Amino acid sequence: MKNTFSFELQKTDGAARTGVIRTPRGEVRTPAFMPVGTAATVKAMMPESVAETGADILLGNTYHLMLRPTAERIDRLGGLHRFMNWDRPILTDSGGFQVMSLSGLRKLTEDGVTFKSHIDGSKHVLSPETSMEIQRLLGSDIVMCFDECPALPADKSRIADSMRLSMRWADRSRAAFGDRPGHALFGIQQGGLEEDLRAESAEALQQIGFEGYAVGGLAVGEGQEAMFGCLDFAPGQLPVDKPRYLMGVGKPDDIVGAVKRGIDMMDCVLPSRSGRTGQVFTRHGVVNIKNARHADDPRPLDDTCRCPACRNYSRAYLHHVFRSQEMISGMLLTWHNLTYFQDIMQGMRAAIAAGTFDAWEADFHAGRAAGDI
Ligand SMILES: CCCSCc1cc(N)cc2c(=O)[nH]c(N)nc12
């Protein structure tokens with residue numbers, strides 16, 4: 001494999017598109033869903049099981065790994081891929097978003113963010129420069145710029161100031177990233193739901209130049225309608241020949257709507273987190289396995305699903321092990337949810353390639369309306 005990073009746009013169907021990201025650690029078929037491996041593990045999953053679901057790439061978290069076990073220790077042990085036994089591509093977030101959502105006693109200045117660890121209260125600093133160094137030590141293939149993501153709703157002047165700070169941080173991230181063949185730095189568009197601010201952000205990022213571009217600042221409480229309204233224009237403001245990554249999204253219908261509007265990559269904790277709380281995503285909608293009505297049900301969750309939970313176990317069994325708080329419950333339901341999310345992505349990739357995305361989308365929504373779950 002050449003020591004290069006590239007993106008090939010392949011087919012389009014409306015605003016939806018397929019492509020492939022080529023990295024020294026393998027290819028990522030787009031549109032792609034990226035499971036979140038926050039603390040060097042996709043919770044309740046072995047890496048080989050994550051690969052079996054169809055994931056080409058997973059996410060790591062700068063914020064969590066810098067606090068524990070530290071990026072320096074992971075570097076000494078051979079980097080994040082070796083550490084977690086995942087030899088395919090890894091994308092790491094830059095940490096600022098998690099600081100604002102997880103840590104206490106934080107102070108944001110032009111330089112960066114000082115904060116106290118949510119684990120032991122120790123004091124830390126994150127800046128464009130330190131975030132790039134941490135992500136370099138981790139060895140991630142796709143590095144995210146250090147940015148600030150304002151909570152919505154917020155007034156336009158606050159969103160504008162925050163976006164312009166993130167653009168200055170994007171410039172510093174680019175400078176600190178340096179020349180790293182085979183690795184990519186993605187810029188993150190900000191600007192809330194404001195078309196003019198998002199255009200300003202997109203222009204600023206393109207002036208700097210990145211290997212990919214994320215739509216940040218969404219999935220922060222604005223709701224699906226507002227998010228789709230923003231996605232009706234934001235992806236189109238970004239370069240057509242580079243990957244477009246929508247951060248932190250989402251539920252299955254969010255994902256379908258985002259791909260329909262030109263998004264190539266997404267990530268969300270939902271399938272894994274829900275697997276641990278008994279929420280099961282199926283083509284007919286969500287099954288809450290803890291519901292008593294499943295106690296005697298001999299049927300699988302979904303008789304068309306290829307995952308071990310659906311091939312080998314009844315709803316009655318899954319209900320039992322969830323209620324009994326057995327570890328196998330989180331393992332099987334997470335495995336199912338991740339498989340279902342990957343099968344949605346594969347279905348969309350095939351439909352876009354065939355020019356039948358609209359029909360696929362109609363079938364997707366009809367299946368969820370069918371009920372009887
Ligand atoms: C591992 C989690 C990755 S996505 C986290 C995330 C989620 C959402 N919703 C928005 C943002 C954002 O604007 N910037 C950054 N860096 N991250 C964001």
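Note that the coordinates shown come from a computational prediction; the quantities given were computed from them, not determined experimentally. Remember, it's 1-based here, ligands and their atoms both numbered in the order they're listed.
Relative orientation of the Tyr213 and Phe210 rings is perpendicular, given thresholds of 30° and 60° on the angle between their planes. The aromatic rings of Tyr63 and His118 lie parallel to each other, with less than 30° between the two planes, well short of the 60° mark.
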Between ligand 1 and the protein, which N/O pairs are shorter than 3.5 Å?
| residue | atom | partner | partner atom | Å |
| --- | --- | --- | --- | --- |
| ligand 1 | 9 (N) | Leu218 | O | 2.6 |
| ligand 1 | 9 (N) | Met247 | O | 3.3 |
| ligand 1 | 13 (O) | Gln190 | NE2 | 3.0 |
| ligand 1 | 13 (O) | Gly217 | N | 2.8 |
| ligand 1 | 14 (N) | Asp147 | OD2 | 2.8 |
| ligand 1 | 16 (N) | Asp93 | OD1 | 2.8 |
| ligand 1 | 16 (N) | Asp93 | OD2 | 3.4 |
| ligand 1 | 16 (N) | Asp147 | OD1 | 2.9 |
| ligand 1 | 17 (N) | Asp93 | OD2 | 2.9 |

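Here Lys43 pairs with nothing under the side-chain hydrogen bond (donor to acceptor under 3.5 Å, both in side chains) rule; sequence neighbours left out. In terms of the side-chain hydrogen bond (donor to acceptor under 3.5 Å, both in side chains) criterion, Ser314 has no residue partners (sequence neighbours excluded).
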In residues 230-238, what donor-acceptor pairs under 3.5 Å come from side-chain atoms, sequence neighbours left out?
| residue | atom | partner | partner atom | Å |
| --- | --- | --- | --- | --- |
| Asp232 | OD1 | Arg261 | NE | 2.8 |
| Gln237 | OE1 | Gln189 | NE2 | 2.8 |
| Gln237 | NE2 | Glu195 | O | 3.2 |

In sequence, state the C-alpha distance, the side-chain angles, and the governing distance for His81 and Asp141, and then conclude on side-chain hydrogen bond (donor to acceptor under 3.5 Å, both in side chains).
-> CA-CA 10 Å; His81 295 81; Asp141 305 279; 2.7 Å; yes
